[in-house]
Amino acid sequence: MITTAFCFSVFGIGGLVLAFIIFPAQRLFENNPVKQKLKARKTVHYCFKLFVSLMHLMGAIRFHVNDKAQIESLKGQLILANHPSLIDVVVLISVIKNADCVVKAHLFKNPFVRGVIKSTGYISNDDPQELLRECEQSLQTGNNLIVFPEGTRTEPHKKLKFKRGAANIAIRCNAPITTFLIKMKPNTLTKGTPWYKVAPYQAHFTMRLTSQQFNCATYDSDMPAMQSRQLTKDLQHYFTQELKNI
């Protein structure tokens, strides 16, 4: 627990340092708002990479991320992944340089992360119409957009239950989809579990890129709502089956 507490203290303090020192300093030397966001995202990418390395080296969690070279080549993809733990998005951003993501609106009020979210221009899920517009714009500029189809972390020992938000973005933005499978064993940092209530033995985090293709063009209904519903079912079935094999 002491190791985990130290790592999360570093994470919280790091968020404040970025928000109040690093990002303001970057803005002094860059007036272009678009370039400011790009620099902020690149900074977060390397900071998250360091954080993941810290947790790994201190033995808090062991990380195994496959297909790193292929991940680094991704561009303009809608990144869909299951969401078993609190640190899933941290690991994804640590291996994807040009990452954007959809975040819950309430995080814009969190004192430790709101500065990072605002500086990077990550997308709030507060307004559905604005969300779609920003997602489409982000994908068109070549960003890789991270979305968790469950909308929240998986509850341990329960079946996956995907919401239609991710599929709706894919269909309405005609976005190419790339899927990631994430496994945390034993379960830790899960939904409803305090961060300090760690597993009885060292957890192993495994993430891999999948070869499955989901082509939005094959969902040929004239009604986007029906397309989204079917894509959601297909995604949920695929993730449920694949997670049994890792």
Side-chain angles (χ1 to χ4, degrees), residues 32-42 44-45 71 74-83 88-90 92-93 96-110 113-154 160-182 191 209-210 212-239:
N32 187 310
V34 175
K35 291 183 178 180
Q36 286 176 3
K37 288 181 182 179
L38 290 175
K39 282 190 174 182
R41 289 178 185 176
K42 190 172 184 179
V44 170
H45 162 73
I71 292 171
L74 295 174
K75 185 176 181 180
Q77 297 289 308
L78 178 60
I79 305 295
L80 303 183
N82 59 303
H83 195 8
D88 301 331
V89 71
V90 174
L92 281 166
I93 292 176
I96 301 174
K97 289 183 180 180
N98 54 331
D100 196 356
C101 61
V102 174
V103 299
K104 293 181 177 180
H106 73 83
L107 290 176
F108 283 80
K109 299 178 181 179
N110 185 306
V113 299
R114 65 185 178 190
V116 173
I117 293 172
K118 290 181 179 179
S119 296
T120 53
Y122 293 154
I123 301 168
S124 171
N125 68 351
D126 187 40
D127 184 338
Q129 291 304 316
E130 183 67 13
L131 166 69
L132 286 172
R133 186 191 68 79
E134 291 187 33
C135 287
E136 184 172 26
Q137 185 179 47
S138 182
L139 290 163
Q140 287 178 349
T141 56
N143 295 321
N144 294 304
L145 180 62
I146 299 170
V147 180
F148 296 109
E150 293 169 90
T152 187
R153 278 174 285 167
T154 311
L160 296 182
K161 188 175 181 180
F162 284 9
K163 297 180 180 179
R164 291 208 296 267
N168 199 35
I169 293 170
I171 295 294
R172 294 178 186 274
C173 298
N174 193 28
I177 297 172
T178 294
T179 54
F180 282 80
L181 294 172
I182 298 174
K191 185 177 178 65
L209 186 65
T210 79
Q212 177 67 26
Q213 298 293 318
F214 290 92
N215 186 352
C216 292
T218 61
Y219 297 84
D220 56 1
S221 170
D222 292 331
M223 301 177 66
M226 292 180 62
Q227 293 174 308
S228 298
R229 190 177 297 114
Q230 185 59 51
L231 177 55
T232 299
K233 288 181 180 179
D234 291 347
L235 286 166
Q236 181 174 300
H237 176 75
Y238 173 72
F239 274 90

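For the single chain, residues carry numbers from 1 onward in sequence order.
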- Item | With Asp100, the salt bridge (Lys or Arg N to Asp or Glu O under 4.0 Å) member among Lys75, Arg41, Lys37 | Arg41

- Message: Taking atom NE2 as the centre, does His237 end up with more than 12 heavy-atom neighbours from other residues, nucleotides or ligands that are less than 6.0 angstrom away?
- Response: no

- Listed partners of Arg133 passing salt bridge (charged side-chain N to carboxylate O under 4.0 Å, His left out), at least two apart: Glu130

- Modelled atom types, side-chain donor and acceptor of Asn98 and Asn143, under 3.5 Å: no

- Tell me, with the steps shown, if Val89 and Phe148 meet side chain to side chain contact (heavy atoms under 4.5 Å, CB included). CA-CA 9 Å; Val89 71; Phe148 296 109; 3.9 Å; yes

- Message: Please give me the minimum heavy-atom distance between Ala167 and Ser228, naming the atom from each residue.
- Response: CB-O, 3.4 Å

- Query: Would you say Leu74 and Ile79 make side-chain contact, with heavy atoms under 4.5 Å?
  - Reply: yes

- Query: Parallel under 30°, tilted from 30 to 60°, perpendicular over 60°: which one fits the rings of Phe214 and Tyr238?
  - Reply: perpendicular

- Message: I'd like to know if the side chain of Ser119 reaches the main chain of Val116, judged simply by a donor and an acceptor atom lying under 3.5 Å from each other, with no hydrogens or angles considered.
- Response: no

- Query: How many angstroms lie between atom CD of Gln140 and atom CG of Asn174, to the nearest 0.5 angstrom?
  - Reply: 10.0 Å

- Query: Tell me, do Leu92 and Asn144 make a side-chain contact under 4.5 Å, heavy atoms counted?
  - Reply: no

- Task: Measure from the side-chain N and O atoms of Ser138 to the backbone N and O of Glu134, and report whether any donor-acceptor pair falls under 3.5 Å.
- Result: no

- Query: So, for Thr152 and Lys191, which heavy atoms are closest and what is the spacing to 0.1 Å?
  - Reply: OG1-NZ, 3.2 Å

- Task: Indicate yes or no: at least one non-hydrogen side-chain atom of Ile177 is less than 4.5 angstrom from one of Cys216.
- Result: yes

- Pairwise distance SG(Cys135) to CG(Leu78) - rounded to 0.5 angstrom: 8.0 Å

- Message: Can you tell me how far apart OG1 (Thr179) and CG (Leu235) are? Round to the nearest 0.5 Å.
- Response: 8.0 Å

- With no hydrogens and no angle check, is any side-chain donor or acceptor of Glu150 less than 3.5 Å from a backbone partner on His83? yes

- Query: Quick one: CG on Leu132 to CD1 on Ile169, what's the gap to the nearest 0.5 Å?
  - Reply: 6.5 Å

- Query: Considering only heavy atoms from C-beta outward, does the side chain of Asp126 approach that of Phe108 to under 4.5 Å?
  - Reply: no

- Would you say Val103 and Asn125 make side-chain contact, with heavy atoms under 4.5 Å? no

- Task: Apply salt bridge (charged side-chain N to carboxylate O under 4.0 Å, His left out) to Arg229 and list each qualifying residue two or more places apart in sequence or on a separate chain.
- Result: none

- Could you name each residue pair satisfying salt bridge (Lys or Arg N to Asp or Glu O under 4.0 Å) that touches residues 162-181, not counting sequence neighbours? none

- Query: Are the side chain of Asn82 and the backbone N or O of Ile182 linked by a donor-acceptor pair below 3.5 Å?
  - Reply: yes

- Task: Determine, stepwise, if the pair Ile93 / Tyr122 fulfils side chain to side chain contact (heavy atoms under 4.5 Å, CB included).
- Result: CA-CA 12 Å; Ile93 292 176; Tyr122 293 154; 3.7 Å; yes

- Item | Reported SG-to-CG distance for the pair Cys101 and Leu145, which is rounded to 0.5 angstrom | 8.0 Å

- Can you measure from OG1 (Thr218) to CD (Gln227) and round to the nearest 0.5 angstrom? 9.0 Å

- Query: Minimum heavy-atom separation for Ile96 to Ala99, with atom names?
  - Reply: O-CB, 3.5 Å

